[in-house]
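Reviewing the structure listed below.
Start at 1 and go down the list; that is how both ligands and their atoms are numbered. Keep in mind that what you see is a predicted model, and the values were worked out from it rather than measured.
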Amino acid sequence: MVEAAILTDGESAAAGLRAEVSGAVLTLTLDRPERRNAMTGRTWRTLAHVGQSLPASVRIVVIKGAGPSFSSGIDLDMFSPEGVEGEPPLMGRLTGGPEDGAALDADIADYQQGFLWLRRPDIVSIAAVRGHAIGAGFQLALSCDIRVLADDARFCMKEPALGLVPDLTGTKPLVDIVGVNRAIELCLTARTVSAREARELRLAELVVDGADLDGAVDDLVAALLAVPAEAAAATKELLQQAAGSGLAEQAERERRAQIGRLTALARAAAG
Ligand code: ACO
């Protein structure tokens, strides 16, 4: 049962995005199936707004696509001289002055905010992917903590083939997961990765039959919610810090986090 609306119907329609909160779970549905859930700047600004408006009760964010695809990536109309309604065009606005680059930098930074919050320690983000996740769609899945794939899922980092770079925060998780050499091979060939290969490359935590995708995500959500929220958040933060830390530094962080947990548990026990 949907309990709260984060977006108005007008905002949802303009962004091609539905946001439904039910208890501790926010489900975000990319909802332009007739365009294979192509996303615009408005989609990413709205995603950022959702992150900023997240009710404190939400612990899990599930992102999925309506119809046969997760997302066909950026709406290719964004590259037309007119751009898309409500967004400054990406092409044809650069006349060479330094102020042009600054404005574009600000727009892309706003778009990136739609992806960055999915790493927040107090939530677990799950991408439930069926069909294609191309370009920005792949980067959105990469921004999530856990990827659950239907067996027909397909990843592709298409940007270099279009003369672009991936700029929606996907390069770091990609390299963290597959390593720089495989990331170079995947991006610079812009080839398609099947669900099976995605699992081998650790780009998928779980691959299931298409008919079982929703059930597998529900089971995962239930298991995640069975762990106390504060312990989950503190552990996610520790795990995120581990990759960039030395052993001694990380061991010290573990001690600090554990003291925080034990203090909270002792206070709760004392009533
Ligand atoms: N932007 C705008 N419209 C799109 C996009 C897109 N990214 N992707 C698909 N559509 C439209 C198609 O033009 C088509 O419209 P029409 O019905 O008016 O002809 C409709 O969605 C359905 O697309 P099909 O190609 O018929 O669907 P199919 O399931 O056969 O293929 C696929 C899906 C693989 C996603 C294909 O549409 C595709 O390759 N799309 C382009 C992907 C792309 O290059 N994205 C940009 C990546 S770079 C980045 O994201 C930064």
Side-chain angles (χ1 to χ4, degrees), residues 12-18 28-48 63-94 101 104-116 118 127-144 147 149-175 183-198 203 210 213:
S12 268
L17 180 73
R18 280 191 282 122
L28 293 171
T29 307
L30 301 167
D31 195 18
R32 290 179 76 204
E34 72 288 358
R35 285 279 173 275
R36 300 298 180 264
N37 304 324
M39 297 181 281
T40 65
R42 187 75 75 88
T43 315
W44 304 323
R45 289 186 203 274
T46 304
L47 266 175
I63 307 187
K64 61 185 188 178
S69 299
F70 182 74
S71 172
S72 60
I74 192 170
D75 187 322
L76 294 170
D77 285 349
M78 291 271 287
F79 298 125
S80 70
E82 309 79 40
V84 299
E85 200 189 331
E87 279 299 310
L90 289 172
M91 306 282 268
R93 67 193 274 189
L94 299 177
L104 191 52
D105 185 274
D107 283 332
I108 297 173
D110 285 349
Y111 299 160
Q112 290 172 333
Q113 290 303 318
F115 295 70
L116 286 169
L118 294 164
V129 181
R130 51 172 103 246
H132 291 275
I134 301 179
F138 186 16
Q139 294 191 68
L140 185 59
L142 282 167
S143 299
C144 292
R147 282 157 293 280
L149 270 53
D151 52 7
D152 71 343
R154 300 275 180 275
F155 286 144
C156 172
M157 200 66 93
K158 184 86 175 282
E159 287 83 343
L162 299 177
L164 302 167
V165 298
D167 66 346
L168 295 169
T169 77
T171 57
K172 175 137 182 69
L174 182 65
V175 168
I184 290 171
E185 184 265 326
L186 292 179
C187 293
L188 274 60
T189 62
R191 74 176 172 87
T192 298
V193 175
S194 68
R196 184 178 174 171
E197 186 184 4
L203 287 166
L213 183 63

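- Crowding of Glu85 atom CD: a count of heavy atoms from other residues, nucleotides or ligands under 6.0 Å not exceeding 12.
- Proximity of a side-chain donor or acceptor of Ser71 to a complementary backbone N or O of Ala38 within less than 3.5 Å is not detected.
- Atom 36 (C) of ligand 1 is not flagged as protein-proximal [any protein heavy atom, distance under 4.0 Å].
- Looking at Arg191 and Val193, their side chains come closer than 4.5 Å, going by heavy atoms from C-beta outward.
- The main-chain N or O of Arg42 is found under 3.5 Å from a side-chain atom of Thr40 such that the two form a donor-acceptor pair.
- The shortest distance between side-chain heavy atoms of Glu87 and Asp75 does not fall below 4.5 Å.
- In this structure, atom 18 (O) of ligand 1 has a protein heavy-atom contact shorter than 4.0 Å.
- Considering only heavy atoms from C-beta on, Met78 comes within 4.5 Å of Leu90 through its side chain.
- The distance from atom CD of Gln112 to atom CG of Leu168, rounded to the nearest 0.5 Å, is 6.5 Å.
- Looking at Thr43, its side chain does come within 3.5 Å of a backbone N or O of Ala15 through a donor-acceptor pair.
- Here the heavy atom of the protein found nearest to atom 26 (O) of ligand 1 is Arg36 NH2, 4.5 Å.
- Residue contacts with ligand 1, taken as heavy atom pairs separated by less than 4.0 Å, involve Ala38 solely via side-chain atoms from C-beta onward.
- For the ligand labelled ligand 1, residue Met39 lies outside the 4.0 Å heavy-atom shell.
- A heavy-atom separation below 4.0 Å is not found between Asp77 and ligand 1.
- Two residues are said to be in side-chain contact when any heavy atoms from C-beta on lie closer than 4.5 Å; Leu203 and Leu174 meet this criterion.
- The OG1 atom of Thr192 sits 10.5 Å away from atom CG of Leu186, with the distance rounded to the nearest 0.5 Å.
- The protein atom (non-hydrogen) at minimum distance from atom 10 (N) of ligand 1 is Arg35 O, 3.8 Å.
- At the shortest separation from atom 44 (O) of ligand 1 among protein heavy atoms lies Lys158 NZ, 2.9 Å.
- At a 4.0 Å heavy-atom cut-off, ligand 1 touches His132 through the side chain alone.
- No part of Leu164 comes within 4.0 Å of ligand 1, judged by heavy-atom distances.
- In this structure, atom 12 (C) of ligand 1 is not in close contact with the protein, since no protein heavy atom lies within 4.0 Å of it.
- In this structure, the protein non-hydrogen atom closest to atom 7 (N) of ligand 1 is Ile74 O, 2.9 Å.
- The shortest non-hydrogen separation linking Ala150 to Ala195 is O-CB, 3.6 Å.
- Close N/O approach between Gly135 and ligand 1 is not found [any backbone or side-chain N/O within under 3.5 Å].
- Nearest non-hydrogen protein atom to atom 38 (C) of ligand 1 is Ile134 CD1, 4.4 Å.
- A distance-only check finds no donor-acceptor pair linking the side chain of Arg147 to the backbone of Val129 [under 3.5 Å].
- For atom 43 (C) of ligand 1, the closest non-hydrogen atom of the protein is Ser72 O, 3.6 Å.
- If you check which protein heavy atom lies closest to atom 1 (N) of ligand 1, you get Leu76 N, 2.9 Å.
- Taking distance alone, with nitrogen or oxygen atoms compared against 3.5 Å, Ser69 stays at or beyond that limit from ligand 1.
- Distance check for atom 30 (O) of ligand 1: every protein heavy atom is found at 4.0 Å or beyond.
- Remark: ligand 1 atoms within the under-4.0 Å shell around heavy atoms of Ala136 are 49 (C), 50 (O).
- Taking atom 48 (S) of ligand 1 as the reference point, the nearest protein heavy-atom neighbour is Leu162 CD1, 3.6 Å.
- Of all atoms in ligand 1, numbered sequentially from 1 with element shown, those under 4.0 Å from a heavy atom of Gly73 are 50 (O).
- Checking side-chain atoms of Asp152 against main-chain N and O of Gly210 turns up no donor-acceptor pair under 3.5 Å.
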